[in-house]
Amino acid sequence: MNSWFTELQTKDMALSCRVTEILHQEKTPYQELAVYNTVPFGRMLVLDDIIQTTIVDEFVYHEMIVHVSLCTHPAPRRVLVIGGGDGGTIREVVKHQEVEKTTLVEIDGRVIEAARKFLPEISCGLTDPRVEIIVDDGISHVEKNKNAYEVIIIDSTDPIGAATGLFEAAFYQNIAEALTEDGLFVAQTESPFFNRDLIRRVNREVAEIFPLARLYLANIPSYPGGLWTFTLGSKKYDPLKVNKRILASLNTKYYSLEVHKAAFTLPLFVAALTK
Ligand code: AG3
């Protein structure tokens, strides 16, 4: 087979990679779902022609969206993941022994099923007995649950279509109320090169709602520009003061105490987005 998959990363820029096999394609009630096997990234989950996660670089995103927040909170017993139907975020959450229950709220159940079948290395954590899976809209789930989670992780798609509500101030307000009084949350917030207005707005809104708002970085080559941001809002604990006891027991490939600290050291043009 000699075909290419192309993601139009912005309206003027594309990423193409050679596909060796189309493993799955379907139209779900929410989106076009595909799993391709590719030469540079291995198996890849694609929603509406946008790369969500790949076997080669998924560990960076999943470790960094999870361990920074879970190592910041001293006792994360209940953890909510919004989106993240591939299960990679849950796989990292269940590495934390002190987590008693973690709830995955994914709007599209077909994403979970496809990941179970085609991406077992990523979805494997979904079988952990502490995991509860709810197929529902994350926005309505946080509206219904108050004071219920120490940590909330927003593992969303890009801010287009159904996901736009996951990048709005009203949602962050509901997140604050769904968290315990010492809770914190983190969201993936796109590229500092191509989504500057979004990052600036989200950081301003999070800083208005939470005593602490912090932006951090990781490198994810299958995403636009490679350099990626995460925004963390916290009521009490500062991610710059990490809990080293938990860190020692984690089995990771990207995340470490040094990487945790370094991730908050922002190049000037990125730091400018938080002012
Ligand atoms: N969520 C998707 C991040 C955004 C990727 N954007 C892009 N390729 N244009 C990742 C889900 C992984 N659990």
Side-chain angles (χ1 to χ4, degrees), residues 5-17 30-36 38 40-69 79-94 102 104-116 118-126 131 133 138 152-164 166-167 186-196 198-199 202 216-231 254-255:
F5 164 73
T6 296
E7 174 182 331
L8 205 54
Q9 294 188 322
T10 75
K11 73 183 198 350
D12 307 302
M13 180 177 81
L15 174 79
S16 293
C17 47
Y30 296 94
Q31 52 210 340
E32 301 274 352
L33 187 166
V35 183
Y36 303 122
T38 71
F41 293 112
R43 274 163 288 130
M44 169 187 278
L45 173 70
V46 176
L47 297 176
D48 286 337
D49 289 330
I50 293 171
I51 300 173
Q52 299 303 314
T53 195
T54 86
I55 292 294
V56 166
D57 65 356
E58 59 87 11
F59 67 96
V60 182
Y61 178 90
H62 292 128
E63 289 181 14
M64 289 302 280
I65 204 169
V66 172
H67 302 311
V68 172
S69 54
V79 179
L80 170 65
V81 177
I82 294 172
D86 53 78
T89 295
I90 290 285
R91 183 195 64 204
E92 297 304 313
V93 170
V94 298
T102 178
L104 176 76
V105 180
E106 160 65 54
I107 199 164
D108 191 346
R110 295 302 305 157
V111 175
I112 302 171
E113 294 319 313
R116 281 200 158 119
F118 299 104
L119 305 166
E121 309 89 327
I122 297 176
S123 59
C124 54
L126 294 174
V131 179
I133 298 176
I152 298 178
I153 300 172
I154 306 167
D155 182 6
S156 75
T157 51
D158 291 342
I160 34 179
T164 46
L166 301 176
F167 292 83
V186 62
Q188 74 86 3
T189 45
E190 308 277 312
S191 158
F193 287 98
F194 305 114
N195 305 90
R196 282 188 206 176
L198 173 93
I199 295 168
V202 165
Y216 66 93
L217 294 168
N219 276 297
I220 304 156
S222 64
Y223 292 172
L227 189 64
W228 210 246
T229 70
F230 299 86
T231 300
Y254 189 91
Y255 183 79

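First listed ligand is number 1; within each ligand, the first listed atom is number 1.
- Only the side chain of Trp228 comes within 4.0 Å of ligand 1, judged by heavy-atom distances.
- Considering backbone and side-chain atoms alike, Thr157 places every N or O at 3.5 Å or more from each N or O of ligand 1.
- Of all atoms in ligand 1, numbered sequentially from 1 with element shown, those under 4.0 Å from a heavy atom of Ile50 are 6 (N), 7 (C), 8 (N), 9 (N).
- No N or O atom of Thr89 sits closer than 3.5 Å to an N or O atom of ligand 1.
- Backbone and side-chain nitrogen or oxygen atoms of Asp155 are examined, and one is located within less than 3.5 angstrom of a nitrogen or oxygen of ligand 1.
- If you number the atoms of ligand 1 from 1 as listed, the ones under 4.0 Å from a heavy atom of His62 come out as 12 (C), 13 (N).
- Using a 4.5 Å heavy-atom threshold, the side chains of Pro224 and Glu7 count as touching.
- Counting heavy atoms from C-beta on, the side chains of Asp108 and Leu47 never come closer than 4.5 Å.
- Closest protein heavy atom to atom 2 (C) of ligand 1: Gln52 OE1, 3.1 Å.
- His62 and Glu58 share a side-chain donor-acceptor pair at under 3.5 Å.
- Side-chain contact of Thr53 with Asp86: a donor-acceptor pair under 3.5 Å is absent, judged by distance alone.
- Of the protein's non-hydrogen atoms, the one nearest atom 12 (C) of ligand 1 is Asp86 OD2, 3.2 Å.
- Not a single N or O atom of Pro224, backbone or side chain, sits closer than 3.5 Å to an N or O atom of ligand 1.
- Of the protein's non-hydrogen atoms, Asp158 OD1, 3.2 Å is the one closest to atom 4 (C) of ligand 1.
- Residues Arg116 and Glu113 are paired through a salt bridge, judged by an N-O separation under 4.0 Å between the basic side chain and the carboxylate.
- Polar contact with ligand 1: present for Glu7 (N/O pair, distance under 3.5 Å).
- Summary of contacts: the protein heavy atom closest to atom 8 (N) of ligand 1 is Ile51 O, 2.9 Å.
- Checking only distances, Glu190 never comes within under 3.5 Å of ligand 1, N or O to N or O.
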